[in-house]
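Contents: one structure, followed by commentary.
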Amino acid sequence: EADPLEAQRRVDSLVEQGEKIDRERYKLRGMLDQESLVLEAQAESKRQKLENQASQASNRVDQKLTEAEALLRIAKEKGDEKGVQAAQGRIDELEEQAAEILKEEGLLNSELSRQELLVKARAAQRKSLVDNQANSLLLGLNRALQELVAPLQ
C-alpha cells in the first residue's frame, strides 16, 4: 500500500520540477529575445550606415550633375558645340551613375531585409525548439503525476 505522505512528497517534487522547467523555458526565451534585439539593432545600424553612404554618393553625383548642367548652359550661350557635346555626355554619364546608385541601394535594402527576416525566423525557430523541449518534459512529468495519483483514486 502506498504511503500518502510519500506520494504527496513525490507529487510536490514533480510539481516543483514542472515549475523549474517553466522558469528555465522563460529564461531561455528571454535570452533569445535579447539576442534577437542585439542582432536587429546591428542590422539597423548597418542599414543606416549603408543608406548614409548611398545618400552621400547620390549627393555627390547630384552636385556634379548641377555643375555639368551649368557648363552645358554656358556652352550653349557661347555657341560652343564641342563644349555642348562634352557637357551633355557628362550629364548622361552622371545620370547613369545616379540610376546605378538607386539600383544598388534597392538591392542592398532587399538583402538587408532578407537578412533581418532570417534573423527573426531563426529566433522563432529557436523559441519553438525551447517550447517543444519544455512541453515534452512537462508531458513526462504529467504522466508521472497521473501514474502516481491513479492508484490513490
Side-chain angles (χ1 to χ4, degrees), residues 9-77 80-150:
R9 278 193 290 271
R10 289 182 63 200
V11 166
D12 290 345
S13 173
L14 291 171
V15 168
E16 185 179 314
Q17 288 176 31
E19 290 170 353
K20 183 178 178 184
I21 289 168
D22 270 339
R23 282 192 305 273
E24 287 300 312
R25 171 204 319 242
Y26 293 113
K27 180 179 167 184
L28 286 171
R29 286 178 63 91
M31 289 169 50
L32 291 172
D33 285 341
Q34 189 67 27
E35 182 180 297
S36 291
L37 287 174
V38 168
L39 291 173
E40 288 174 25
Q42 289 172 343
E44 182 58 27
S45 175
K46 186 176 183 179
R47 178 187 298 279
Q48 288 178 3
K49 180 181 175 187
L50 291 172
E51 285 177 356
N52 187 33
Q53 289 173 346
S55 177
Q56 288 175 356
S58 182
N59 288 342
R60 282 192 300 271
V61 169
D62 285 346
Q63 182 181 1
K64 290 177 183 178
L65 194 54
T66 300
E67 292 168 2
E69 288 169 347
L71 290 175
L72 177 64
R73 275 192 304 279
I74 292 170
K76 283 183 178 179
E77 288 172 3
D80 178 6
E81 191 57 38
K82 200 173 188 181
V84 168
Q85 288 177 351
Q88 189 58 55
R90 181 72 175 138
I91 289 171
D92 292 344
E93 178 185 309
L94 290 168
E95 286 175 344
E96 284 180 28
Q97 286 180 16
E100 187 64 28
I101 288 170
L102 288 175
K103 178 182 168 189
E104 289 297 320
E105 186 177 7
L107 292 173
L108 284 172
N109 279 327
S110 293
E111 178 60 20
L112 290 174
S113 295
R114 188 185 72 77
Q115 289 176 6
E116 288 171 3
L117 288 174
L118 283 174
V119 165
K120 289 177 182 179
R122 284 187 195 117
Q125 182 182 27
R126 292 170 74 189
K127 282 183 181 181
S128 178
L129 179 63
V130 166
D131 285 340
N132 288 342
Q133 290 175 342
N135 290 340
S136 176
L137 291 171
L138 290 172
L139 184 61
L141 289 177
N142 285 338
R143 284 190 189 125
L145 275 172
Q146 288 171 355
E147 290 171 9
L148 193 61
V149 174

For the atom pair CG (Leu118) and NZ (Lys120), what is the distance rounded to the nearest 0.5 Å? 11.5 Å

Can you tell me how far CG of Asp80 sits from CG of Leu72, rounded to the nearest 0.5 angstrom? 10.5 Å

What I want to check is whether the side chains of Gln146 and Asn142 have a donor and an acceptor closer together than 3.5 Å. no

Side chains of Met31 and Gln34, heavy atoms from C-beta outward: is any pair under 4.5 Å? no

Note, Glu104 side chain near Ile101 side chain (heavy atom, < 4.5 Å): no

Nearest 0.5 Å, please: how far is CG in Leu141 from CD in Glu16? 11.0 Å

Quick check for you: to the nearest 0.5 Å, what is the distance between Arg143 atom CZ and Leu145 atom CG? 12.5 Å

Dump the intermediate steps for side-chain contact (heavy atoms from CB on, under 4.5 Å) on Arg73 and Lys76, then the final yes or no. CA-CA 5 Å; Arg73 275 192 304 279; Lys76 283 183 178 179; 5.7 Å; no

Mind checking whether Arg25 and Leu138 have side chains closer than 4.5 Å, heavy atoms only? yes

Which atom names give the shortest non-hydrogen contact between Asp131 and Arg29, and what distance separates them? OD2-NH1, 2.7 Å

Is Arg9 salt-bridged to Asp12, cutoff N-O under 4.0 Å? no

For Arg47 and Asn109 the tightest heavy-atom approach is NH1-OD1, 3.0 Å

Should Ser13 and Gln17 count as side-chain neighbours, where that means a heavy-atom distance under 4.5 Å? yes

In a table with atom names and distances, give each donor-acceptor pair under 3.5 Å that connects a side chain of residues 50-70 to protein atoms at least two apart or in another chain.
{"unit_1": "Asn59", "atom_1": "ND2", "unit_2": "Ser55", "atom_2": "O", "d": "3.3"}
{"unit_1": "Thr66", "atom_1": "OG1", "unit_2": "Asp62", "atom_2": "O", "d": "3.0"}

To the nearest 0.5 Å, what is the distance between CG (Leu129) and CZ (Arg122)? 15.0 Å

Flag the pair Glu44 / Glu40 as yes when at least one side-chain heavy-atom distance between them is below 4.5 Å, and no otherwise. no

Minimum heavy-atom distance between Leu32 and Lys127, given as atom pair plus value: CD1-N, 3.8 Å

Taken to the nearest 0.5 Å, the spacing of Leu139 CG from Asn135 CG works out to 8.5 Å

